[in-house]
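Naming convention: chains lettered A, B, ... in sequence-line order (proteins, then strands); numbering from 1 in each chain.
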Number of protein chains: 2
Amino acid sequence: MNLLADPVPGLSRYAALASALHARIAAGEWPGGTALPAEAVLATELGVALGTLRRALELLAAQGLIERRHGRGTFVRSGLGGAPMLRFFRFGERAGEVPASRILARQVLAAPADAARALGLEAGAPALRLRRLRSLGGAPRLLEELWLPLPLCAALAEGETAAWPDLLYPFLAERCGVHVARATDDIAFATLTAAQARTLGLASGHPCALVTRRAFDLTGRCVEWRQTRGDAQAFHYTVTIT
Amino acid sequence: MNLLADPVPGLSRYAALASALHARIAAGEWPGGTALPAEAVLATELGVALGTLRRALELLAAQGLIERRHGRGTFVRSGLGGAPMLRFFRFGERAGEVPASRILARQVLAAPADAARALGLEAGAPALRLRRLRSLGGAPRLLEELWLPLPLCAALAEGETAAWPDLLYPFLAERCGVHVARATDDIAFATLTAAQARTLGLASGHPCALVTRRAFDLTGRCVEWRQTRGDAQAFHYTVTIT
DNA sequence: AAGTGGTCTAGACCACTCT
DNA sequence: GAGTGGTCTAGACCACTTG
């Protein structure tokens, strides 16, 4: 486990450290909610200086994988408290409110061209498709179609979907060891098909906002292609440009 | 300028350093685009260790105030670059294409509530209102209503508008010394009034994308409130979330 | 009081960029 | 080759949390 003896080419030591720790966390060595060994212990064990280890931990903390608490320790974030990527959307909900999620359908299908290209799959390769309805106070608001690559997300293809949590990304981390680190949203305008409108309780041809998301993990691999539709009149999206 | 002799209570040294450097940059000591002194020089001058100064610079870089380039130096960012609005918008133009701008109207009026609140003005205080039409290949695409605070932007209230350049922010920097450093966009969908539709060559009630922008300078002061409308069906907005 | 992460230092060496 | 930022070290001390 000593990285002094085995420097990783093309990667700084703290980056290599972060990657190694990431792998050990993903492998379940420290389950969610538990504390990592103290900095000094870890640094000795890994054969690096304290400051170098700290840079690695800061990286992981910035990625949301761990949480550092002054005076207490460094904790692995559990799937429940993960990063809500919905914080940029507003579809009528109050800030911080998380819509309830219900899986309408789950199938393994040949990915359509758009999804396959985004996910880096061969055209027609099998992928996991989810349809999800998100509601506020019992009223349906958002209709989502998600495509996830296989076999990476195969663990989601089995088991009862009724008990799934409202947020996908923490669940994806827990079940598949896939940590979403970055995403791009493309916002456009469209109209609802008859079937989509029925699910959302709106009229066929009703104007909708169409948000197409590509989510990426730490290595830059695309791990999700998603289209979200909701009533255009209730839609708000806020962005900060720097 | 020695912070060893004067520790700021309740603030780490690197945070105090960052704050002090921020103030000096905002005061114009190092204009946009110029390089700061080398780390070693700055550290000596400020009486702190190199590592401490580096932490301060990392903070400022994370805020987007400066930009660090390995082997070259640390540079003050000169506000938002080239065509920031169009970095994220696409209304049918090719990437990097800048629409031609024409000022339709310029007036000093009492700011409406939304604009006054955003700009930090008293309700009903006078502000500069611009209506601007942006076109591609002669075809009108975007209709903009801009509110700028007075007296800050008084220099724009005079002179011939026909000769104004296509991009506002560089012009704002040149004429008024106002450097836009950050902005937030709120994206929503609406319908065009009859007058708006006429200007854009669309039907009254046609669906439009409505982008409300607040632009801020280095000190965090809001220097622009803008609403942009364009055909919803040609609209795309792309965001990266990290 | 003991253990944790947070800050700060002083110095070494590496990698990148320009001349 | 000279100058820049990037990495790494080893050690000191501080601030917070818990028993």
I'd like to know whether A:Y169 forms a side-chain contact (heavy atoms from CB on, under 4.5 Å) with A:E224, so could you lay out the CA-CA distance, the side-chain angles of the two residues, the decisive distance to 0.1 Å, and finally the verdict. CA-CA 10 Å; A:Y169 294 160; A:E224 180 202 23; 2.4 Å; yes

Using the rule given for side-chain contact (heavy atoms from CB on, under 4.5 Å), can you reason through B:T212 versus B:W225, listing the C-alpha separation, both sets of side-chain angles and the distance that settles it, and then say yes or no? CA-CA 7 Å; B:T212 304; B:W225 187 84; 3.8 Å; yes

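Taken over five-pair windows at either terminus, the axes of the helix from C:dA1-D:dT18 to C:dC18-D:dG1 are inclined to one another by 10° (rounded to 10 degrees).
Using a 4.0 Å cut-off between charged side-chain N and carboxylate O, A:R106 and A:E160 make no salt bridge.
For A:R102, the CZ atom counts as loosely surrounded, since its 6.0 Å shell holds 12 or fewer non-hydrogen atoms of other residues, nucleotides or ligands.
Computed from coordinates, the A:L11 CG to C:dA15 P distance equals 13 Å when rounded to whole Å. The nearest whole Å value for the distance from the CG atom in B:L50 to the P atom in D:dT7 is 13 Å. Rounded to an integer number of Å, the gap from CG of B:L46 to P of C:dT9 is 11 Å. Separating the OH atom of A:Y14 from the P atom of C:dA15 is a distance of 14 Å, rounded to the nearest angstrom. The CZ atom of A:F75 sits 8 Å away from the P atom of C:dG5 (whole-angstrom rounding). Atom pair B:L42:CG and D:dG3:P shows a separation of 17 Å (rounding to whole Å applied).
An OP1 or OP2 oxygen of D:dG6 is reached within less than 4.0 angstrom by a side-chain nitrogen or oxygen of B:R68. Between A:R69 and C:dG5, a side-chain N or O to OP1/OP2 separation shorter than 4.0 Å is absent.
Considering only the side chain of B:S12, C:dC8 comes nearest among C:dT9, D:dT7, C:dC8. Distance from the side chain of A:R13 is smallest to D:dT9 among D:dT9, C:dG6, C:dA10.
Checked by atom type, the side-chain pair A:D185/A:Y237 shows a donor-acceptor distance below 3.5 Å. A side-chain N or O of B:S101 and one of B:R134 form a donor-acceptor pair less than 3.5 Å apart.
When each of B:L60, B:V41, B:L42 is paired with B:L36, the side-chain contact (heavy atoms from CB on, under 4.5 Å) condition holds for B:L42 and for no other.
Nucleic acid contact for B:R55: sugar-phosphate only, since backbone atoms but no base atoms lie under 4.0 Å from a heavy atom of the residue.
Judged by closest nucleotide on DNA chain C, A:A40 is the one of A:A40 and B:T52 placed further toward the 5' end. Residue whose closest nucleotide on DNA chain D sits further toward the 5' end, between A:L53 and A:R72: A:L53.
By the criterion of a centre-to-centre distance under 5.5 Å and near-parallel planes under 30°, the ring of B:H70 forms no stack with the base of D:dG6.
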